[in-house]
Structures are given as structure tokens and as C-alpha cells.
Amino acid sequence: MAGHNQFALLTQRRFLPYFIVQALGAFNDNVYRQAIIGLLFFLGVSTAERTLYATLAPAIFIAPYFLFSALAGQVAEKLEKQRLIVITTTMEIVIMSLAAVGFLLQNMPLLLVALFATGVQSTLFGPVKYSVLPAILKPEELTGGNGLVEMGTSISILGGMIFGGMIFQLAGAHGPEVAATAIIVLAVAGNLVARQIPRVDAGAPELKIGWNPLPESLAVLRMARSQVAVRNAILGVSWFWFFGTVLTSQLPAYAELHLGGLADSASLYILVLALFSVGTGTGSLLCEKLSARTVEIGLVPLGAAGMSAFLLDLYFARPGAAPVGGLDVAAFLRQPGSLRIIVDLLGVGMFTGFFVVPLFALIQSRSPASQMSRIFAALNIQNSAFIVAAALLCLAAQRLLGWTTPQLFLALAVANVLVAAWIFALVPEFLMRFLSWLLVRSLYRLRPRGIEEHVPDEGAAVIVCNHVSYMDALGLAASIPRPVRFVMYYRIFNIPVMRWIFRTAKAIPIAGAREDPALMQRAFDEIDAVLAEGELVCIFPEGGLTRDGEIAPFKSGVEKILARAAAAGRPVPVVPMALRGLWGSMWSRRDSRLGRMRVPRRFRARIEVVAAAPMPADSSAAQLEASVRQLRGTAA
């Protein structure tokens, strides 16, 4: 696993054509929208007319998301996904051909009609854009794949805005012809690449499509709310769009009024937008490294905290008007305090990537395949509402309250803290995963081996592992891409602070038959129910922490768990795993309780989590013990 990274996906046909198609789509949308602005300047229209367009265009583009997202989700569920992507990119060719006529005729109403049609096409593509990823990626690749998609989208939006904005400046009198040609060429390129995407089966081919937008929209919104974690992940993604809308909508005025940019030049605005976009792309790519190729929602609280911290510092870096005006990029970079502003913009973007990428991966990993496209349709509806709300609130704050852009940034930083705290209070799993991620990554250098190959991507399985320290469950959870239900000795389950983490993670406490037979029976019943639901269960068959670094004989409880599942007609595989290098690290029993209070002798110890091929459901405790012993070897 350590040698893998998400960039390897860009060499594989299952991912590369899809990645190029979605990047070209985002690029072309922004080329088109910025080229329309360029045409307005080319035609010499008044400031009032340009302002009217700036008000109308976003509303025209986003209206289809409200009207047609539910239909788009159903279509994406019913059709084979590669075919649907080809259909939507073919639509793009037709729409951009209409837009090209609008450029050539310099006809603004026609361009706005094409803009609405572009919104329709984007609405149809939206649900398939993210629902296709779980079908073409392994669970451990979801975070890296989403990171690449977010990076590609951020850079494509930025590149499209720059390219579209420069067309009329560079082409001069030939601007309409160049704009018309560019958008058609990009659309055709996207369609040709879409034909190289491998077949991806429909999620629910038998689905009967409902055509009434209002009840269908309410139905997909209800569907998206059925799982608490998914519902609040969707809320988090929508908040990301609210946050991004407020921030990016203020950057033009911020660059001119508070950074001192030239009034008739967008160069400084493009710089600050580029810094935010590059930061977002960088943070998105770093998610895989930080999460060790799991769906690590513990990064979400980290992202929220960083977003507010850097945005707050951006307010204090320049709370008032620019001390010097008329600056180009080079002159701004020479100004005192410019480096601080650059770091803040990069930091806000980077932590935004930490915030949103795990949320997308969580939605994909925990949504049923037969509902995923409709859940992402619900996400698009909610995103649209948040974007509109962000625009209206910005307008109200500036027009009615007289707030400046830095004051809006300050309010957004505070609001981000409050919204994030609310989400984490609703779903403690986010904060629990953050604390466990922080503990594991702070104390250990973790190296998983064999997990991708041997832990099943779906379906029930029992994981058996040696028991070395109080941190074993957290180390295993950080290494396994899927959620795991841990069975642990009740005294470990009840350790202060750790108890909240274990309870939130839905660990199953167990006791010996002589200590508490009722608790033991409840644990066996819960384990069987969890396996019946197709989840992973991890047990430590030694029955307690090792006191000497050696593996104790496995108890027969694991055999009872396997036999009960098999008797119910649900035999499950058993995956042997071994923790290597933990003996002598912090929280093992090599030290006394007093000794564990000091700085550990092996702080940031290198540890390994090793998995072997699954064993059959009728394996004995002795056979499982022998397999774990062989995996661990002499690396206690």
C-alpha cells in the first residue's frame, strides 16, 4: 500500500478518460461564461448592462438544478453510465454550436438561451459525475480519486476563466470567431474522450422514472436524509459551496479595494483566485496521504478549523482599504504584508480541500449503489439552494448593513465554526474519527500491508488480530478502508476519553463468562446481527492485552461466532491480521501504568498492520492463531 498513490489512476483507462471528460466540461463551461463577459466589453455595452448580465447569468445557469436534478438523478440511476456520459457530452456539442452562432451573430439573448441549456446539461451530468466513482474505484481509492477530481475541477475552473477572459483581449476583432471555435472544439474533444470510458452498469435499471419535478425532488431529498452520516455529509458539502460562493464572489472587489489592484485590470483578481484554487487542489491531493487511503472523515474537522483560522487571519491581515492603489501583480508582491495574504489564501483553499474531499468519499462509500445517483441529485438541489442563499446574504450584508469584504470574511469565518460545530454535534462520528486520526498519526508511523488485497471490499467478514496495546483498535481502523465494528474487553472499552471514541465508533464491549455472562451473551447477539447486515467485525481472540509481547492462545469464542453465522446460512470469511512493532511503544503493557505517563521510549514508533488471505468459516481458533503468529513473526 505504501507505494501506491492516486496519480497511478491517471495511467489507467478505468479512470483517465472520465477524469479528462469532467475536467474538460468544467473548463469549457467557464470559457463560455467568461467569453460572454468578454463579448460585452467587445460590444462596448454600458456598465448597467454588464451588471444586469452579472445578475442574470448565475440565476439562468443554476435554475435547471432546481428544476431537473431529480429527473437527472433518476436517469443516471436507470441508464448505463458510460452511455449517459456520451449523451451529455453530445448535448454539449449541440449547445455549444448554438452558443457559437450567438457569438458570431453577437446575439446576447441567444447566448443566454445557450447558457440555460448548458445548465441543463450540467444538471444531467452532475449525478453521474460522482456516482460513477465507486463503480470504477476500489474503496481504498475513493479518497484519492475524489482528490484528483476536486483538483481537476478547481484547476479547470481557474484555467477556463483565464482563457475565456483573454479571448477577446488577444484575438481583438476576431474574438467572436475564436470564442465560437474554442467552445465547439472543447465540446467535441470531451465527447471523443467520453467514448473511451469503460462500461459502467446502471445502478437501478428497473427504476420507473417520475416526471413531475416537485414530488420527485422531495422524494430524492427524503432519500438523502435516510442515513444520518450521509445526510450531514451532504449538509457539509452544501456548506462548502456556500463558503466558496461567498469567498470567490468577493475576490474581485477584494483585489481592487483592499489589495490595491488596478481598476481596469483583472490580473490581481486572477492571482488571488489562483491562490485559492491551487490551495484547494493541493489540499484535495493531500487527503489520500493524510488518510492512508481510507475514507478518513477525521480530516473534516481539521479542514473546518483550518478554513476558519486562515480566513480569520486574512481579515486581520488587511481589515481596511489598501494603503496603495493601482498595483499590478509584481507591485503587489513587493508590498509589505503580501506574503501573509498569499499564505492565508493558499491555507483557506488547502483546508477547504481537507474539508470537502472526505465528505464526497463518505457519501459514495455509504450510499447504496441503487440510490447513489439520486442522492447526488439531492445534493445538487441542496447545493443550488445554498449558492443562492450565499449570493442573497452577501448582497444584503453589503447593501443593507454596509459590510466591507473583510467584514464578510470575518463573519464567514465565525459562521464556519458554528456550522461545523453543529454538524459535528449532530454526528459525533466526525469528531471521533478526528480524535482517533490525531492520536494514531501523532503517536505512530503506520504502514499497512496486504489490506487492500485481502480485506473484502463489501460483505461480511471477521477480522482476527493479536492484541498488543490500548491503541490497537484505532490503528486497525486507520488502516482498513471500510468501517469496522470492534469487539473489545469491557475494561478497555471503559477507559476515560477512549470510551467516548469507542462508543461513537459502535464498538462492542464483551466480558468473560465468569465476569458477566449477560454482557457476553449480548455481545455475541450483537456480533451476529452486525455480520447479518454485511459489516466487518474485528475481534482480539486472545481475550486481553499481551503482558510479555507474545501471542496468547486464541479462545474459542471466535469459533462460536463463526459457527453461529454458518448455522444461520451466512458463513463468513475470516481475515487474519497482525500488529507488528507495537510492543514497547506507548500504551502497551511493557511499561507500568506510571511508566506510561512519561514520554514513551518509542514515540512515533514505526508499526505495521499486516493482513493475510481470508480463511474459511470453519477454521479453528488454533488455525487462526497459527496464521496470526506467522504474520507477526518476531516483530512484536
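Atoms considered below: every heavy atom in the structure, side chains included; atoms not considered: hydrogens, waters and symmetry mates.
Shown here for Ile341 and Ala317, the closest heavy-atom pair between the two residues is CG1-CB, 4.0 Å. When all heavy atoms of Leu285 and Gln6 are compared, the closest pair comes out as O-NE2, 2.7 Å. Listed here is the closest heavy atom pair of Ile155 and Ser277: CD1-O, 4.3 Å. A pairwise comparison of heavy atoms in Gln74 and Leu207 identifies O-CD2, 3.7 Å as the closest pair. Nearest approach of Ala204 to Ser370, heavy atoms of both residues: CB-O, 3.8 Å. Of all the heavy atoms in Pro406 and Tyr254, the pair that sits closest is CG-CE1, 4.4 Å.
Ring orientation note: the planes of Phe116 and Phe68 are nearly perpendicular, at an angle over 60° on the 30°/60° scale. Ring-plane geometry between Phe360 and Tyr130 is classed as parallel, the angle between the planes falling under 30 degrees on a 0 to 90 degree scale with a further cut at 60.
Residues Phe243 and Val356 fail the side-chain proximity criterion, which asks for heavy atoms closer than 4.5 Å. Residues Leu345 and Leu271 have side chains not in contact (no heavy-atom distance under 4.5 Å, counting atoms from C-beta outward). Within the 4.5 Å cutoff, the side chain of Val200 has no heavy atoms near those of the Tyr18 side chain. Side-chain contact between Ser373 and Lys81: present, with at least one pair of heavy atoms (C-beta onward) separated by less than 4.5 Å. Phe434 is not listed as a side-chain neighbour of Val300, based on a closest heavy-atom distance of 4.5 Å or more. Side-chain contact between Leu257 and Thr405: absent, with no pair of heavy atoms (C-beta onward) separated by less than 4.5 Å. Residues Asn383 and Asn380 form a side-chain contact, since some pair of their non-hydrogen atoms from C-beta on lies under 4.5 Å apart. Side-chain atoms of Tyr65 and Ile387, non-hydrogen and from C-beta on, never get closer than 4.5 Å to each other.
At least one donor-acceptor pair under 3.5 Å links the side chain of Thr89 to the backbone N or O of Val86. Although no hydrogens or angles enter the test, the distance criterion places no donor-acceptor pair under 3.5 Å between the side chain of Gln227 and the main chain of Val230. Panel note: side chain Gln121, backbone Thr88; a donor-acceptor pair is recorded below 3.5 Å. Panel note: side chain Asp313, backbone Ala309; no donor-acceptor pair is recorded below 3.5 Å. Between the side chain of Ser69 and the backbone N or O of Phe66, no donor-acceptor pair lies under 3.5 Å. Panel note: side chain Gln407, backbone Thr404; a donor-acceptor pair is recorded below 3.5 Å. Formation of a donor-acceptor pair under 3.5 Å by the Trp241 side chain with backbone atoms of Ala390 is not found in this model. Between the side chain of Asn146 and the main chain of Leu142, a donor-acceptor pair closer than 3.5 Å is present. In this structure a side-chain-to-backbone donor-acceptor pair under 3.5 Å is present from Ser291 to Glu288.
Residue-environment remark: CZ (Arg83) stays at or below the threshold of 12 foreign heavy atoms within 6.0 Å. In this structure, Arg225 places its CZ atom where only 12 or fewer heavy-atom neighbours from other residues, nucleotides or ligands lie under 6.0 Å away. Few gaps surround CE on Met108; more than 12 heavy atoms of other groups in view lie less than 6.0 Å from it.
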Please step through ring-ring contact (aromatic ring centres under 6.0 Å, His included) for the pair Phe310 and Phe351, ending with a clear verdict. CA-CA 9 Å; Phe310 279 101; Phe351 281 90; 5.6 Å; yes
Check step by step if side-chain contact (heavy atoms from CB on, under 4.5 Å) holds for Leu133 and Phe15. CA-CA 8 Å; Leu133 282 175; Phe15 182 79; 3.9 Å; yes
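Here the CD1-CG distance, from Ile36 to Leu111, works out to 5.0 Å after rounding to the nearest 0.5 Å.
Remark: Arg366 pairs with Glu429 by the salt bridge (Lys or Arg N to Asp or Glu O under 4.0 Å) rule, at least two apart or across chains. Listed by chain and number, the residues in a ring pair (Phe, Tyr, Trp, His ring centres under 6.0 Å) with Phe424 are Phe430 (sequence neighbours excluded).
At a cut-off of 3.5 Å, with distance as the only test, a side-chain donor of Gln22 or Thr153 sits close to an acceptor on the other residue.
We find that Lys138 and Asp457 are not joined by a salt bridge, their nearest charged nitrogen and carboxylate oxygen being 4.0 Å or further apart.
Among Asn28, Thr118, Asn191, the single residue meeting the side-chain hydrogen bond (donor to acceptor under 3.5 Å, both in side chains) criterion with Glu92 is Asn28.
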